[in-house]
2 protein chains.
Amino acid sequence: MTIDELIAAASDRLTPVERRIAEAILADPTLLAFGTVSDLAQKVGSSRPSIVRFGVKLGFQGYADMREHARRSVSAKLSRPSQRIRQQDSSLGRATAALTEAIRGLLDKIGSEQLSTLGAPMVSANHVWILSGETSRAGAHAMFSGLTMVRPNVHLITEHSSGRDLSGAAPGDAAIVFDFARYRRHTVTAARSAVDLGVHLVAITDGPLSPYAAMTETWCALDIPAIGPFDSSVPSVAIAEMLVAYVARQLQDEARSRIDRTEALWQATEIYWE
Amino acid sequence: MTIDELIAAASDRLTPVERRIAEAILADPTLLAFGTVSDLAQKVGSSRPSIVRFGVKLGFQGYADMREHARRSVSAKLSRPSQRIRQQDSSLGRATAALTEAIRGLLDKIGSEQLSTLGAPMVSANHVWILSGETSRAGAHAMFSGLTMVRPNVHLITEHSSGRDLSGAAPGDAAIVFDFARYRRHTVTAARSAVDLGVHLVAITDGPLSPYAAMTETWCALDIPAIGPFDSSVPSVAIAEMLVAYVARQLQDEARSRIDRTEALWQATEIYWE
DNA sequence: AGGCGAATGTAACGGATTGGACATTCTCGA
DNA sequence: TCGAGAATGTCCAATCCGTTACATTCGCCT
C-alpha cells in the first residue's frame, strides 16, 4: 500500500492540521523521504508531535516507520525506468504512445499563427455555433463548455435539431465544426447551411479531402489515433481547449469578468462540495 | 558534478576501505541519499570515521554535505519531467508540452493492472451509470459514447436529474464518476447514493484527498494540466477511451457484434456523408 | 629487525532527532 | 455562558547522528 493510498483511506478522519500535512506530502513526496519531523512541521506551519501523530494515524509505528516506507517507494520509482520499457508494448503503452504522438503532431501541424487564424472568428463573432459528428462530440463539448465561460452567445447544435437551431444564424456569426471521416451527413449539411447563411466557418477535420475543407479557408487537419476499436477524441478536445485559451487571451478583461461572474454565481448556489 | 564523477576523479587516490565504500555507493545510490554514517559503515564492514573521511576526500565538507548532494540529484531525477514543461515558452508549445506530460503521467500512475481493476466492474456490471462534474463532462461523454457502442445498459447521468435517474441502480451495477477539485456537490452526493445502493463505484479523480477516494477502493488520480484559464479534460478523455478499449477487449465477440449491428443501422439510415 | 608514516578503528562530545507526557487552546453543544 | 472532549502546541528525556581527537594496527623501506 502506498502512502497516497493510506492517506486516501484515512482522509475522512483527518483533522485540519493533518490535512495540511497530507497536502504537503502529496505535493512533494521527497519531503517525507528526506525530511525530518522538524522539516515537515516547519513546512506546514505546525508542531512536531502533529507530524508524528499523523504517521501513527496512517497506521505506522511512528515517523521513522513512515519515512522508511516513503523511502522504499522512492527507491522503487528510481529503478522503474527499466520496467517502463517492458510496458512499452502493452496495450496501455501503445495507447499512451499514440496519444503522445498525436499531441506532438498538433504542435507540428498547427503553428501559433494558424491557431490565431482559427480562433479569430470566435473572438469577434456575434454568435458562435458549434457543430459536431458523433465521435467528435467530446471535442465540441469541451469547446462549448469552455467558450461559454469566456464569451456570450455560444450555441451547441445537437444533431436532432440542427435545422431549427441554426435558423438564427446570420452574417457576423462564426461556426466551428468538429467532424472526421466518416463524416456525418447531418453535420455536413448543417455546416453547408451555415456557410450559405454567411456565417464564417471554422473546421476541425482530418484532411484536404474532407468536405469541410472545400467550404472554408479556415480549417485544420488533425491526426486521429485509434484507441482500441474507436477513434480517439483526444486531439479534438486538445485543440478545442487551445482555441478556448486563445479566445480567452484575446478577450482579456471581458473574459475575466465573465469568468468571475460565473464563479460568483456558482459559489452563491453552493454548487461545490466543501 | 555527480557523485559518480567525483568518485571517478578520486579513484586513484582511494585506500582499500575507501574503495569498498565507493563500490557500495555505486551499486546502490540510495544508500547515500537515505543512509546514515552507521548504515554505510555496517554495509561496508568498516567504521564510521572511514565513511566521513571518504566524503571529505571527495571534496565535501563532511558526510552531511555529501548526503545533501546525493539527495538533490535524486530529487532532480524524480521531478525532471515536470520541469521540462516550463522550458517551452510559446503558449502553444506550453500547452502541448503540458498535455504530453499529462498523457505520459497516465502510464506512470496507472499500470496495466490498475486499468484492469478500474475497468473490470464495467465489464461485468448489469448497468453502468456515468457521473461527472461540469469541467470533466468531456471525459464522461467520451466514456458514454464509447461504452454504449460495446455494451448495453449504459446511462449518462445529467446533473439536473441525478436523483431520478439513479433510482434504478442496484447491487450488481457499476458507476463511474469523473470529477476533480473543486468537486461538484451534486456529483459527490450522487456518487454517495450510488455506493449506498450497493453499486460498485469507480472514480476518476485527482488525488487521495478527493471525496471519492474515501468511497471506493477502485479509483485513480490524474494530473490535470491547465490550458489557458481552465483545467484540461484531455486526461479524462484519454483514460475514458482506454477504459472503453479495455472493456471492448474483455467482451470480445459480444462487443464486436454490437458494434457491427450499430454500424449496419447507421448505414441503413444513411447517416454518413458519401 | 626496527622504525616511520599511512591507514584504520575506538572513544567521546555536542547537537539533532524522535516520541511521549503534560498543558493549552479550540470547538461544539447543552 | 459554561463545560466536556477533541485538537494542537510546549517541554523534556532517551536515543542516535555526525564529527573530531586519540590510539592502534598495518605495511613498507632501510
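Letters A, B, ... are given to chains in the order of the sequence lines, protein chains preceding strands, and every chain is numbered from 1.
For the residue pair T30(A)/D28(A), the side-chain donor-acceptor check at 3.5 Å is satisfied. Side-chain contact, T15(A) with E18(A): a donor N or O sits under 3.5 Å from an acceptor N or O. Between the side chains of T36(A) and D39(A), at least one donor N or O sits under 3.5 Å from an acceptor N or O.
Look at T15(B) and you won't find any side-chain N or O under 4.0 angstrom from OP1 or OP2 of dA7(C).
Shown for residues 62-69 of chain A: residues whose heavy atoms fall under 4.0 angstrom of DNA chain C, namely G62(A), Y63(A), A64(A), R67(A). The stretch residues 38-61 of chain B touches DNA chain C through S46(B), S47(B), P49(B), S50(B), R53(B), each having a heavy atom under 4.0 angstrom from the strand. Remark: nothing in residues 16-26 of chain B comes within less than 4.0 Å of DNA chain D through any heavy atom.
Aromatic ring centroids of F54(B) and Y63(B) lie 6.0 Å or more apart.
To the nearest 0.5 Å, atoms OG (S232(B)) and CG (D223(B)) are separated by 11.5 Å. One distance of note links CD1 of I239(B) with CG of L99(A); it measures 11.5 Å at 0.5 Å rounding.
Look at E23(A) and R20(A) and you find no salt bridge, because none of the NZ, NE, NH1 or NH2 atoms lies under 4.0 Å from a carboxylate O.
Taking both residues in full, the closest heavy atoms of V150(A) and L251(A) are given as O-CD1, 3.6 Å, listed atom of the first, atom of the second, then distance.
Aromatic ring pairs are classed by plane angle as parallel below 30°, tilted from 30° to 60° and perpendicular above 60°; the pair H127(B) and H155(B) is parallel.
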